[in-house]
Amino acid sequence: MVEASACVMVFAFLPFVISGFVGREQIWIFGSGILAVTSPMLVGSIYVRQRRLFGTGLIRETILFDSFVVVVALLVEAALIVNFLGSLFESHFAAYLTGVLFPLAVAVAMFIRAIFSADASDRDVPPSEELGG
């Protein structure tokens with residue numbers, strides 16, 4: 001969650017940095033392009049770290065939640081690409097803001113998944129092993 005929060009802060013200030021190099025109407029175009037490239041890497045690193053910690057198994061309690069996160073990730077990525085290309089609508093900050101906040105939402109989702117995973121692994125341990133005997 002700390003890594004995702006730091007990335008949100010970096011990308012929150014990115015438009016200010018970009019504004020020094022491009023015109024006002026192009027800030028959201030370039031910001032969305034940069035975010036469209038880096039966001040999948042950030043979200044992917046969160047999932048890889050989660051997989052290392054808790055394995056590859058899907059947890060019954062979070063399978064719908066995990067599926068929802070993947071679908072929303074694809075929609076956010078599509079919105080960033082469309083915002084970058086400016087093909088369906090004029091590029092605005094809304095798609096960029098959604099892209100900035102999504103990695104933080106994924107980190108929170110993975111934290112919730114970690115709680116359920118820890119609970120599921122506790123239920124899988126036989127009572128005799130819990131007592132050391």
Side-chain angles (χ1 to χ4, degrees):
M1 286 180 58
V2 173
E3 178 186 351
S5 298
C7 287
V8 167
M9 289 187 336
V10 167
F11 284 110
F13 287 107
L14 183 64
F16 297 109
V17 174
I18 293 174
S19 68
F21 300 103
V22 298
R24 187 174 187 167
E25 63 280 347
Q26 295 176 328
I27 292 172
W28 307 118
I29 294 171
F30 285 107
S32 293
I34 293 168
L35 196 54
V37 170
T38 58
S39 186
M41 291 185 281
L42 175 61
V43 171
S45 75
I46 292 169
Y47 271 103
V48 166
R49 191 172 303 114
Q50 183 89 173
R51 183 178 171 182
R52 275 191 224 133
L53 290 173
F54 301 108
T56 59
L58 292 174
I59 303 166
R60 180 177 35 89
E61 292 88 353
T62 64
I63 194 161
L64 183 62
F65 190 65
D66 294 341
S67 302
F68 178 74
V69 169
V70 170
V71 169
V72 172
L74 294 173
L75 292 174
V76 168
E77 186 67 17
L80 287 170
I81 291 170
V82 166
N83 204 41
F84 173 69
L85 297 174
S87 55
L88 294 180
F89 51 83
E90 185 179 342
S91 297
H92 288 291
F93 75 96
Y96 181 79
L97 181 61
T98 303
V100 168
L101 294 178
F102 185 69
L104 186 59
V106 169
V108 171
M110 292 300 99
F111 178 72
I112 292 169
R113 189 175 189 280
I115 292 170
F116 278 109
S117 180
D119 182 52
S121 66
D122 286 347
R123 285 183 280 155
D124 294 340
V125 176
S128 61
E129 289 182 19
E130 284 181 1
L131 300 174

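With rounding to the nearest 0.5 Å, the separation of CH2 in Trp28 from CZ in Phe84 is 15.5 Å. Atom CG in Leu80 sits 11.0 Å away from atom CG in Leu85 (nearest 0.5 Å). To the nearest 0.5 Å, the span separating OG on Ser19 from CG on Leu14 amounts to 9.5 Å.
A chain of hydrophobic side-chain contacts below 4.5 Å, direct or via other Ile, Leu, Val, Met, Phe, Trp or Tyr residues, connects Val100 to Val22.
Here the shortest heavy-atom pairing between Ala79 and Ala95 reads O-CB, 3.9 Å. Listed here is the closest heavy atom pair of Ala36 and Glu77: O-OE2, 2.6 Å. What you find for Pro15 and Ala12 is that their closest heavy atoms are CD-O, 3.5 Å. Smallest separation of non-hydrogen atoms from Ser39 and Gly99: OG-O, 4.4 Å.
Between Ile27 and Tyr96, every side-chain heavy-atom pair lies at or beyond the 4.5 Å cut-off.
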Going through the distances and angles, do Leu35 and Thr38 end up as a side chain to side chain contact (heavy atoms under 4.5 Å, CB included)? CA-CA 5 Å; Leu35 196 54; Thr38 58; 4.1 Å; yes
